[in-house]
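Below is one structure, written out as structure tokens; the observations come after it.
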2 protein chains.
Amino acid sequence: MPVKDCQTEKLILDTAMRIFFTEGRMHATTQEIADEAGVNRTLIHYYFRSKKVLLDTLLKNARIEFSGNSDRILLSNLPFREKTEKFIGDFLNRLMKYPYLEPFITMNIIQERFKNKKLPIPAEPPAAIKHYINEIDTEMKAGNIPGKDPAQFALNLFSLIVYPLLTKQIQIRLLDLDDKAYQKILNERKKIIMDTLLPVNTNK
Amino acid sequence: MPVKDCQTEKLILDTAMRIFFTEGRMHATTQEIADEAGVNRTLIHYYFRSKKVLLDTLLKNARIEFSGNSDRILLSNLPFREKTEKFIGDFLNRLMKYPYLEPFITMNIIQERFKNKKLPIPAEPPAAIKHYINEIDTEMKAGNIPGKDPAQFALNLFSLIVYPLLTKQIQIRLLDLDDKAYQKILNERKKIIMDTLLPVNTNK
DNA sequence: ATTTTTGTTGACAATTTTGTTAAACAAATT
DNA sequence: AATTTGTTTAACAAAATTGTCAACAAAAAT
């Protein structure tokens with residue numbers, strides 16, 4: 001008999017994370033999760049009461065694992081440029097592992113809203129982001145960054161980081177690349193993003 | 001015979017488009033589609049044989065409706081800057097209507113690949129994109145655009161256009177905005193994107 | 001060693017979603 | 001009016017997915 005390791009719960013969680021966040025299989029069933037975790041499907045109900053609870057747990061875990069590091073970076077004392085560069089790198093790393101986390105969150109919000117006719121998010125205000133946006137504002141007013149709306153800068157930043165990983169399937173076809181070539185492009189993203197949003201002095 | 005009505009068929013299609021591409025309800029059932037179209041669910045099977053056929057039809061329609069206009073823009077003789085600006089505007093317009101088209105496509109590819117273990121895309125090579133990328137290359141070599149890899153520029157462009165619409169739900173919470181404020185931001189995107197990717201001469 | 005607790009399993013029930021059939025219906029042609 | 005053709009509907013069947021239960025095994029506690 002397989003030695004019971006108390007690892008089962010974690011095994012299920014990890015497998016589900018991989019399926020939903022890494023592979024993006026939104027429609028995966030509990031059976032698929034159980035099979036790929038190598039456990040009986042009933043165990044999913046034993047450890048989590050229902051599929052919904054499992055998904056909620058996934059989300060909670062992901063948020064913690066996610067925001068931990070980047071929050072620390074955003075709240076640090078680094079100068080703006082270095083901070084941004086670190087943030088990009090950290091974000092990209094996470095995205096390499098969980099490219100479909102954000103679509104999953106979006107889907108969930110949409111679905112809950114449709115069923116319950118109410119917002120599912122207690123909407124904890126993300127302090128780290130707020131702090132970083134204030135810094136953007138300062139930089140803008142100091143003339144170090146072009147533009148006037150910090151939110152637009154943040155949107156630009158998120159867009160440039162996330163989108164290429166999110167739409168890998170489409171881009172490979174659109175840009176006529178193969179897997180390897182696309183990976184190479186992704187590896188160059190950090191530099192590209194920095195050059196695009198925070199170019200080194202053009203007005204020498 | 002009564003002239004083939006097309007009304008019901010189109011009604012179903014339009015409703016499904018709205019549900020999947022506009023509202024992003026990936027898990028919508030045929031019952032939901034039928035209800036919101038105000039028709040009997042059986043009619044979905046009458047006009048389309050199965051749910052899968054319906055979804056395939058949706059995709060085909062969307063691709064035609066989508067690529068038609070933007071292809072014309074990308075293949076036109078406009079100078080690069082104007083062409084890009086038009087493309088952004090056109091793209092943004094479509095996205096306002098169908099923000100979740102691309103995630104839907106991605107989902108489909110992922111799902112098909114998982115089930116069939118083979119690529120579902122015949123992969124028509126998108127000539128218009130290829131043409132535009134050549135132009136980017138020319139501009140880069142002429143020194144009109146910074147950077148060396150046209151694919152990266154294209155990725156930047158797509159990212160800045162699509163992402164903010166794709167993740168509206170998340171951004172509203174992240175940037176601490178309401179629906180109206182976010183709409184305002186979206187309306188300013190075209191100018192922001194142009195300023196970011198093709199800034200007017202800073203070195204006057 | 002026996003009881004208790006915890007984890008695991010298979011069989012089954014309930015629910016949800018999709019697909020099918022036959023019959024009813026409407027409009028236009030015969 | 002009757003026939004044909006295309007459309008619509010309700011009732012039903014099938015499949016897929018989720019959830020429950022009782023029995024059983026392993027580990028821990030007594």
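Residue numbers begin at 1 in each chain, while the letters A, B, ... track the order of the sequences.
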Polar pair under 3.5 Å, donor/acceptor by atom type, side chain A:Arg41, base C:dG10: no
query: Which whole-number value in Å describes the distance from A:Gln7 CD to C:dT6 C1'?
result: 16 Å
statement: To the nearest angstrom, the CD1-C1' distance between B:Ile44 and C:dT20 comes to 15 Å
query: Can a side chain N or O of A:Thr8 be found less than 4.0 Å away from OP1 or OP2 on C:dG7?
result: no
Distance, rounded to the nearest Å, where A:Tyr47 contributes OH and D:dG19 contributes P: 18 Å
Atom-to-atom span, OH of A:Tyr46 to P of C:dG10 - whole angstrom: 17 Å
message: Parallel, tilted or perpendicular, judged at 30° and 60°: which one describes the rings of A:Phe104 and A:Phe21?
response: perpendicular
query: Across the strands shown, which category fits A:Thr42 at heavy-atom distances under 4.0 angstrom: base, sugar-phosphate, nothing?
result: base
- line: note: A:Lys10, atom NZ; C:dG7, atom P; distance rounded to Å ~ 17 Å
- prompt: In terms of the nearest nucleotide of DNA chain C, which residue is placed more toward the 5' end: A:Leu43 or B:Lys51?
  reply: A:Leu43
- prompt: Of all residues at least two apart in sequence or in a different chain, which pass the ring pair (Phe, Tyr, Trp, His ring centres under 6.0 Å) check with A:Phe158?
  reply: none
Distance-only criterion, 3.5 Å: show the donor-acceptor pairs between side-chain atoms of residues 84-96 of chain B and protein atoms not counting sequence neighbours.
residue: B:Thr84; atom: OG1; partner: B:Phe80; partner atom: O; Å: 2.9
residue: B:Thr84; atom: OG1; partner: B:Tyr132; partner atom: OH; Å: 2.8
residue: B:Asp90; atom: OD1; partner: B:Asn69; partner atom: ND2; Å: 2.9

message: Output the rounded distance in Å from CD1 (B:Ile12) to P (D:dT9).
response: 10 Å
